There are 2 protein chains.
Amino acid sequence: MTGPAGSLKLIHVKSACEQCRVRELCLPTSLDGMQLNLMDQLVKRIKHLKKGDYLYHTGDEFKGLYAIQSGALKTMGLTAEGREQVTGFHMGGELVGMDAVDINKHPCNAIALESTEVCLLPFDKLEELGQQIPKLMHELTRIMSREILREENTLIMLGSTSAEQRLARFLLNLYKRQLARGGDENVVKLQMTRQDIGNYLGLAFETVSRHLNHLQDDGLLTIDNRKLTLLNHSALGALAN
Amino acid sequence: MTGPAGSLKLIHVKSACEQCRVRELCLPTSLDGMQLNLMDQLVKRIKHLKKGDYLYHTGDEFKGLYAIQSGALKTMGLTAEGREQVTGFHMGGELVGMDAVDINKHPCNAIALESTEVCLLPFDKLEELGQQIPKLMHELTRIMSREILREENTLIMLGSTSAEQRLARFLLNLYKRQLARGGDENVVKLQMTRQDIGNYLGLAFETVSRHLNHLQDDGLLTIDNRKLTLLNHSALGALAN
DNA sequence: CGGCGGATTGAATTTTCTCAAGCCTCGTGG
DNA sequence: CCACGAGGCTTGAGAAAATTCAATCCGCCG
């Protein structure tokens, strides 16, 4: 609705998106100042979620993608018979909701694992703007491609037959993502329960607990409740293969 | 390169895409005749693959998406240590290669499971055309969204702890897709080996074989080599939960 | 301080894997 | 057209891994 003319005078004003600390991760496009301002007007900010709050429920109408500013979410699908299945963990700088574009309804629940802030990017507006700024549309396509690749890597993680291997891959994956977001060297913070991890990896939660402690016994890491410290990356990497 | 003017006279000529029997599955857009002709000129037809042929290798330059006209493919990722992991099975009417858009290289191998025909949709051309036809771009976005959803459903399949459950879900998934493509009622044709299935589901291939035969003993299906006939959908559906 | 959800640990049981032997099927070449 | 071979599939038995059930334990929040 707001035309480019209206936003011209804002070119040199720092936009919220421009200042957003997860911008490169969220929409890593080389948009110029004016384009960023257009984005800025599009974004509906900010939704605050407490631990356990639902960002959306299965079947909710799809309004747009959510960019996670801080915190973490889990997404859970529902099998036909009603069993819940964790399909992913999502952290700052990641977008959720891309699975809803086609059917226009959310196919899963999204639940905050801790205090979490998200921005809503209304999808119809995003597509409109994408028509004006081809580069933006191209970026959106790339982001969706990256999501597909991410899920394929998850498939590779789940495709191994041993619990130890799946767990090692999971921890390294989490570590890598947290490091990219400014996490401490060698530290993995588990935002989710052992139960969630087990559900996600197709393991009983006791098996997750046992293998974690086994890794500690072997000197690959130390466990302090939800905080893990990796002591031997190469050994963990070897397990992951 | 070829402008719209050049294709105007073709409006009433049946284009190859228009006649393609997997069109609704491949690009299910409500494109009009002229738009279809534009699509038609974009598509590089047709690549024939024999069983075992590679459509692309890991690391190959990304040229575009491949629409499968007939036949079937498997995609295999490579873990860091070099173990191969099947990440998906793909059949007529499906698009492969969407995982390569972002990084501009194929992150996996795609291998024909039988004689297979594919069309190449050059991605740069597709995006260009998408700028002229917003509806096409919208469809492309939806297709990628659908792919994300499809992979999430795979995650749900792999997230269960029991081999029987994973196998039941796998068979029903295959059945549904084959039925939508005009397969026989109650028949599931396995285009892949037990080895492939096991690799995909995170099971030893002997376990796949044993459970299949167990399902046959229980009267849920009959096995004739690669051809399964489902006898009791609801019982199979119950196992899947 | 009490309680509750999460985490650990143990023991018995079940499932799955591994290794091994043999069979079946299909395609190739004589 | 048949024989042969290789790859795929089945089946068995023993070993290993994971699940289940149950009993605590811990740590955080009210």
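Sequence lines set the chain letters: A, B, ... in the order given, protein chains first and strands last, and positions in each chain run from 1. Values in this document were obtained by computation on a predicted structure and should not be read as measured data.
First and last contacting nucleotides of DNA chain C toward chain A (any atom under 4.0 angstrom from a heavy atom, 5' to 3' order): C:dG6 to C:dC17. When DNA chain D is scanned 5' to 3' for any atom under 4.0 Å from a heavy atom of chain A, the first and last hits are D:dA18 to D:dC21.
Note that the two end axes of the helix from C:dC1-D:dG30 to C:dG30-D:dC1 enclose an angle of 40°, each drawn from 5 base pairs, rounded to 10 degrees.
Side-chain contact check for A:Ser70 versus A:Thr116: every heavy-atom pair is 4.5 Å or farther apart. The closest side-chain heavy-atom distance from B:Leu120 to B:Lys47 is not below 4.5 Å. The shortest distance between side-chain heavy atoms of A:Met91 and A:Leu73 does not fall below 4.5 Å. At a threshold of 4.5 Å between non-hydrogen side-chain atoms, the residues A:Leu174 and A:Arg177 count as touching.
Checked against side chain to side chain donor-acceptor pair (under 3.5 Å), B:Lys74 has the following partners two or more places apart in sequence or in another chain: B:Asp196. Considering only residues two or more places apart in sequence or on other chains, A:Phe62 meets the ring pair (Phe, Tyr, Trp, His ring centres under 6.0 Å) condition with A:His106, A:Phe123. In this view, A:Ser209 satisfies the side chain to side chain donor-acceptor pair (under 3.5 Å) rule with no residue, not counting sequence neighbours. For B:Asp218, the salt bridge (charged side-chain N to carboxylate O under 4.0 Å, His left out) test picks out no residue, with sequence neighbours left out. Judged as a side chain to side chain donor-acceptor pair (under 3.5 Å), and not counting sequence neighbours, the contacts of B:Glu147 are B:Arg150. Here A:His57 pairs with nothing under the side chain to side chain donor-acceptor pair (under 3.5 Å) rule; sequence neighbours left out.
At the heavy-atom level, B:Gly202 lies under 4.0 Å from the strands shown only through sugar-phosphate atoms.
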Given side-chain contact (heavy atoms from CB on, under 4.5 Å), test A:Tyr56 with A:Thr75 step by step and report yes or no.
CA-CA 10 Å; A:Tyr56 50 76; A:Thr75 44; 4.2 Å; yes
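Applying the side chain to side chain donor-acceptor pair (under 3.5 Å) rule to pairs touching residues 224-233 of chain A yields A:Asn186-A:His233, A:Asn232-A:Ser234, sequence neighbours excluded.
Residues from residues 186-194 of chain B lying near DNA chain D, meaning a heavy-atom separation below 4.0 Å, are B:Thr193, B:Arg194 in numerical order. For DNA chain D, the residues of residues 205-226 of chain B within the heavy-atom distance limit of 4.0 Å (strictly under) are B:Phe205, B:Glu206, B:Ser209, B:Arg210, B:Asn213, B:Arg226, sorted by number.
Rounding to the nearest 0.5 Å places OG1 of B:Thr222 at 6.5 Å from CD of B:Gln216. Between the CZ atom in B:Phe170 and the CD1 atom in B:Ile197 there is a gap of 4.5 Å [rounded to 0.5 Å].
Using modelled atom types, one finds no donor on one side chain facing an acceptor on the other under 3.5 Å when comparing A:Ser115 with A:His48.
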